[in-house]
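For reference, the structure discussed in these notes is given below.
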Amino acid sequence: MHFGQVCDFDDIERVDWPVAKASLRKSLYAQDDPIPVNVGDLEELIASKPSGPIPTKLNWAKLTEGEFKRLIFSLTAGEPGYETPEWLTQTRAADKGRDLSVTRVAKDGLSGHLRARVIIQCKHWLERSISPTDVALLKEQMALWEPPRVDVLIIATSGRFTTDAVVAIEKQGQSDRALRIEMWPESHLEMLLAARPALIAEFELR
């Protein structure tokens, strides 16, 4: 690094310090820095008149199930308005899954801070979509985490939701039951991560 040449940095990153690769990649990008994307011509993006963060297809297959869960944990842990993120281990769950718990804080000008208990179920499914049966099972598992009451269930997946699952979740939102369900499919996660290039670099998703 003394000579400050690109090839020196490249040698360190590829050969000398492989264990430090993740942190080196992360340090390359600040929160608002652009990151490389596979676009043939920038004119194509300009013609589409985009606004806000531009999501691009991420390499979800690069992640293991555990890495996907750590990505979601890192996403919430570094976000303003989310407090006390923690892992939850549920040995009685049918899939032996590990959920995430976080407190979502919203500031109201009249009532002060409003807090909601959020449970995040991470499903790193590349070959199948979330079905109504999966949604029903996850709803049942929420009872295992009470008390205190679970206000919001987030289903985060690297895949998608079936049409029937979307309908079931929308009906849940229209009912008078307290639990609210939010869907975070791959398209939603890609939009969130487009504004957080450091996480894309850290988990080598592109």
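What you see is a predicted model; the values in this text were computed from it and never measured.
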Answer yes or no: is there a side-chain heavy-atom contact under 4.5 Å between [X] and [Y]?
X: W60; Y: L71; value: yes
X: P132; Y: T162; value: yes
X: F68; Y: L126; value: no
X: S74; Y: L199; value: yes
X: E186; Y: K57; value: yes
X: D134; Y: R128; value: yes
X: L192; Y: H188; value: yes

Hey, what do you get for CD1 (I169) to CD1 (I155), rounding to the nearest 0.5 Å?
-> 4.5 Å
Straight-line distance of T103 OG1 to D151 CG, nearest 0.5 Å | 9.5 Å
Would I154 end up clustered with W87 when hydrophobic side chains under 4.5 Å apart are linked, directly or stepwise?
-> yes
Transitive ILVMFWY side-chain link F161 to V167, under 4.5 Å = no
Which atom names give the shortest non-hydrogen contact between S101 and L88, and what distance separates them?
-> CB-CD1, 3.5 Å
Residues K62 and E67 bridged, charged N to O under 4.0 Å | no
From the options I120, V152, V118, select the one residue that forms a side chain to side chain contact (heavy atoms under 4.5 Å, CB included) with E182.
-> V152
